[in-house]
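Everything below concerns the one structure shown next.
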Amino acid sequence: MMEPGSSVKVIKSQRVFLSNEICPALIIIKNGKISEIVTGSDRETTTSCEVLDVGESLVMPGIVDSHVHVNEPGRTDWEGFWTATRSAASGGVTTIVDMPLNSIPPTTTLQNFRTKLEAASGKCFVDTTFWGGVVPGNQSELRPMIRAGIPGFKCFMIHSGVEEFPHVSESDLHAAMAQLRGTGSVLLFHAETELEDQRIENEDPCEYSAFLNSRPDSMEVEAIQTVSQLCLQYQVQCHIVHLSSAKALDIVKAARKAGAPLTVETTHHYLTLSAEHIPPGATLFKCCPPIRTQDNQEKLWSALRDGHIDLVVSDHSPCTADLKKLETGDFMKAWGGISSLQFGLPLFWTSARKRGFSIPEVVKFLCQKPAELCRLGNRKGSFLPGFDADIVIWDPEKEFEVTEACIHHKNKLTPYLGCRLYGEVFATLVRGKIVYLKGKFSPNPLGELLLAQ
């Protein structure tokens, strides 16, 4: 049997994902790229190379998770490249895109980007690329960062939760979008805006409803209205990160119809968890925007089915246990963020299979579309000759339980502990090399830091 760290030349399986079907095939790998995919009777022609025969396991393009907070440098007690990318590898994720916050410094200047690259160097078990950040007054840094390899930028329309990444005003957005026009770059929005004080007095902060009522749908709707107008005006690709409110979808549909280059993602937690099932004091479920009702969740699934939501990501946002205020259970004071990088594929598949979604749709939402968003659609997210041999080998029928022992991210905090999920990952390959195999990792990090061309 091949070992973690070794290079694979040929993979054989009875179930290989090809364009829109699953069939028996051989995948032939040369120099870390997919050289050819052989189907039909030709599969039996013997190859001189050693073959990794995975039997009935499903072979599919590796997951691209375009929304991950690695927090290095500066907050490595929360997470870091070593633990985040091992966690990714164990979940079949072969490329992550690191968010420009909550690291110190944030990725908001060319110099800070260089600091980030230095911090990530030699620590990544999967391929890693980086979003920049738009903050008040940094518009002159955007084009130099694009030239240095940043595929796009993220901004907040509301307090980000950390002082070093301030949120933008509408005039900041005009300044940034004027810089981004014509560059092919994308601007990502945390789309919530502060409305008149939402807080309803005398609510118990340990009840989830108190937190949910403090971040109503209207905050997202209002923000997305603004984004749609700017997107139409400047014709710069805009992307809504972690959409939680289905009430904003009509605005998105209308903007796209009018010609706005607008895309939207949602996350595994909005598709899996619902407000009705969050116990008092269970702050591991807190994130912003909030997990909403079951009824809202079904509308997100429908939007995904109808093509109104483009992709699904983890928004892995870890922290240390003390910041989750587990001892008091105060939702209003706890850090907002959910850790799930490793479990994106099984979380999505467990819920999607019940709703009649197929494997080709999993590939579209978790591989192809995220790769396109971060300008890697010409080399990641699909099985095509010349593409990187980034591969996840997994068993969609295999059920497993999320236990602390199987978690590879740094702080073993997640609302999914104890959940039973379908879809166990057997092996993960990055550019033809085995980075993860049955609980073991390659001895050295084999991921590369990718710069947009």
Side-chain angles (χ1 to χ4, degrees), residues 1-18 22-35 37-38 43 47 49-65 82-96 124-128 314 341-349 359 362-363 366-367 380-383 387-400 402 405-409 421-448:
M1 186 60 211
M2 296 188 181
E3 289 298 311
S6 58
S7 290
V8 177
K9 300 282 189 290
V10 185
I11 297 176
K12 179 181 185 181
S13 172
Q14 294 307 306
R15 295 198 291 174
V16 176
F17 168 82
L18 289 181
I22 311 289
C23 59
L26 289 180
I27 298 179
I28 297 169
I29 300 167
K30 284 186 185 144
N31 305 322
K33 305 263 183 208
I34 290 173
S35 166
I37 297 174
V38 185
R43 280 181 308 114
T47 151
C49 305
E50 189 185 349
V51 175
L52 176 60
D53 187 342
V54 298
E56 292 283 331
S57 294
L58 181 64
V59 177
M60 186 179 104
I63 308 296
V64 177
D65 193 337
W82 187 274
T83 48
T85 58
R86 283 167 79 94
S87 175
S90 68
V93 178
T94 50
T95 303
I96 64 166
C124 297
F125 284 77
V126 301
D127 283 358
T128 303
S314 70
L341 175 54
Q342 179 178 339
F343 303 111
L345 175 59
L347 281 167
F348 184 74
W349 177 240
I359 294 296
V362 175
V363 173
L366 271 59
C367 313
K380 306 277 189 195
S382 302
F383 278 167
F387 273 54
D388 291 346
D390 293 353
I391 297 168
V392 55
I393 302 168
W394 64 296
D395 182 349
E397 290 79 36
K398 179 85 189 284
E399 203 184 6
F400 71 99
V402 178
C406 77
I407 293 175
H408 295 289
H409 57 254
L421 302 175
Y422 282 94
E424 190 168 57
V425 172
F426 164 72
T428 305
L429 283 74
V430 173
R431 279 169 290 98
K433 293 194 171 107
I434 301 174
V435 293
Y436 171 83
L437 179 69
K438 295 197 290 191
K440 295 198 177 89
F441 296 92
S442 56
N444 303 307
L446 298 170
E448 288 180 2

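- Using a 4.5 Å heavy-atom threshold, the side chains of P4 and Y436 count as separate.
- At least one side-chain heavy atom of L429 sits under 4.5 Å from a side-chain heavy atom of I11.
- Within the 4.5 Å cutoff, the side chain of E397 has no heavy atoms near those of the Y422 side chain.
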Q) Can you check side chain to side chain contact (heavy atoms under 4.5 Å, CB included) on T95 and V126, steps first, answer last? A) CA-CA 6 Å; T95 303; V126 301; over 6 Å; no

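- When all heavy atoms of K380 and F387 are compared, the pair lying nearest together is N-CD2, 3.6 Å.
- Taking each heavy atom of I393 and V59 in turn, the nearest pair found is CG1-CG2, 4.2 Å.
- Distance check, rounded to the nearest 0.5 Å: CG of L52 to NZ of K12 gives 11.5 Å.
- Within the 3.5 Å criterion, the main-chain N or O of S57 finds a donor-acceptor partner in the side chain of S13.
- How far CG of D388 is from NZ of K33: 4.0 Å, rounded to the nearest 0.5 Å.
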Q) D395 and F426: side chain to side chain contact (heavy atoms under 4.5 Å, CB included), yes or no, with the steps? A) CA-CA 7 Å; D395 182 349; F426 164 72; over 6 Å; no

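- F441 and F125 have perpendicular rings, their planes meeting at more than 60° on a 0 to 90° scale where under 30° would count as parallel.
- To the nearest 0.5 Å, the span separating CD1 on I37 from CG on L26 amounts to 10.5 Å.
- Atom CG of L366 is separated from atom CG of L347 by 10.0 Å, given to the nearest 0.5 angstrom.
- The number of heavy atoms from other shown groups lying within 6.0 Å of NZ (K433) does not exceed 12.
- The closest side-chain donor-acceptor pair between S314 and D65 falls under 3.5 angstrom.
- Listed here is the closest heavy atom pair of G381 and V363: O-CG1, 4.0 Å.
- The shortest distance between side-chain heavy atoms of P396 and R15 falls below 4.5 Å.
- Across all non-hydrogen atoms, the minimal contact from G432 to I29 is CA-CG2, 4.1 Å.
- With contacts defined as side-chain heavy-atom distances shorter than 4.5 Å, the pair E50/M2 qualifies.
- Of all non-hydrogen atoms in A427 and L437, the two that sit nearest each other are CB-CD1, 3.7 Å.
- Within the 3.5 Å criterion, the main-chain N or O of C406 finds a donor-acceptor partner in the side chain of Q342.
- Smallest separation of non-hydrogen atoms from G62 and C367: O-SG, 3.6 Å.
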(Q) Pair K9, V51 - check side chain to side chain contact (heavy atoms under 4.5 Å, CB included), show working. (A) CA-CA 7 Å; K9 300 282 189 290; V51 175; over 6 Å; no

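- The distance from atom OG1 of T83 to atom NE2 of H409, rounded to the nearest 0.5 Å, is 9.0 Å.
- The closest donor-acceptor contact from the side chain of R431 to the backbone of L446 lies under 3.5 Å.
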Q. Under the side chain to side chain contact (heavy atoms under 4.5 Å, CB included) criterion, do V362 and L345 qualify, and how do the steps go?
A. CA-CA 8 Å; V362 175; L345 175 59; 3.8 Å; yes

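- For the pair I391 and F383, the minimum side-chain heavy-atom distance is below 4.5 Å.
- When side chains are defined from C-beta on, T128 counts as touching T85, because their heavy atoms get closer than 4.5 Å.
- Looking at heavy atoms from C-beta onward, V16 lies out of side-chain contact with I22 at the 4.5 angstrom threshold.
- Looking at T428, its side chain never comes within 3.5 Å of a backbone N or O of S90 through a donor-acceptor pair.
- Distance check, rounded to the nearest 0.5 Å: CD of E448 to SG of C124 gives 10.5 Å.
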